[in-house]
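One structure is given below, encoded as structure tokens.
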Amino acid sequence: GIQVEQSPPDLILQEGANSTLRCNFSDSVNNLQWFHQNPWGQLINLFYIPSGTKQNGRLSATTVATERYSLLYISSSQTTDSGVYFCAVDLGTSYGKLTFGQGTILTVHP
Amino acid sequence: NAGVTQTPKFQVLKTGQSMTLQCAQDMNHEYMSWYRQDPGMGLRLIHYSVGAGITDQGEVPNGYNVSRSTTEDFPLRLLSAAPSQTSVYFCASGRSYEQYFGPGTRLTVT
């Protein structure tokens with residue numbers, strides 16, 4: 001099956017710092033989503049981004065489908081950004097079949 | 001809209017007991033899925049459904065049954081719980097590729 005690798009596995013920042021999270025995938029995909037799992041366990045949709053670039057406030061994401069990777073940028077990080085960031089992809093053979101990466105654990109210190 | 005709801009939030013079972021995890025969505029989404037999340041790992045797909053009356057297996061289906069008699073509901077059944085099924089279970093729904101997740105059910109099997 002498709003492989004999804006995220007890096008780095010752990011990231012520790014001071015409040016106000018910027019960061020880049022990476023997601024590599026092994027096959028062509030029709031869907032790529034970024035999620036934030038907050039400390040209470042809730043999965044929050046950040047971006048649906050099978051290709052191109054999107055921005056939402058301090059967060060932005062870029063997917064280069066031809067090179068099979070996606071990047072999530074967090075600028076001016078805040079303590080509320082702490083949690084686990086997951087990348088998930090869908091081959092497109094059927095909707096609702098996401099394959100997740102292992103996640104990046106982000107800790108933002110005040 | 002309540003979005004995707006899951007009950008119960010927490011459950012403790014003894015080995016061999018059975019139970020049903022409930023999932024409901026009020027967004028008229030065709031696609032629904034169940035995932036499990038084990039410590040330090042991303043989510044893994046258990047079963048999914050592309051519409052009422054249609055279900056299929058995901059990556060880790062053993063020990064779980066599903067059915068989908070209505071668009072709104074997609075229950076997950078554990079027929080004979082085992083300690084290996086201790087996990088956090090997430091239900092998701094979507095109309096196409098973008099998927100939305102419920103708050104999760106934390107299950108412990110002793």
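Here is the naming used below: chain letters follow the sequence lines, and residue numbers restart at 1 for every chain.
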Between A:Asp81 and A:Arg58, does any NZ, NE, NH1 or NH2 come within less than 4.0 Å of an OD or OE carboxylate oxygen?
yes
* For atom CD of A:Glu5, is the number of surrounding heavy atoms from other residues, nucleotides or ligands below 6.0 Å larger than 12? -> no
Verify the neighbour count for atom CZ of B:Arg106: are there more than 12 heavy atoms of other residues, nucleotides or ligands below 6.0 Å?
no
Suppose we call two aromatic rings close when their centres sit under 6.0 Å apart. Are B:Tyr64 and B:Tyr89 close by that rule?
yes
Okay, A:Gln33 and chain B: the region with an atom under 4.5 Å from a heavy atom over there is side chain
Okay, A:Gln6 and chain B: the region with an atom under 4.5 Å from a heavy atom over there is neither
Whatever's closer than 4.5 Å to a heavy atom in chain A on B:Glu59 counts as neither
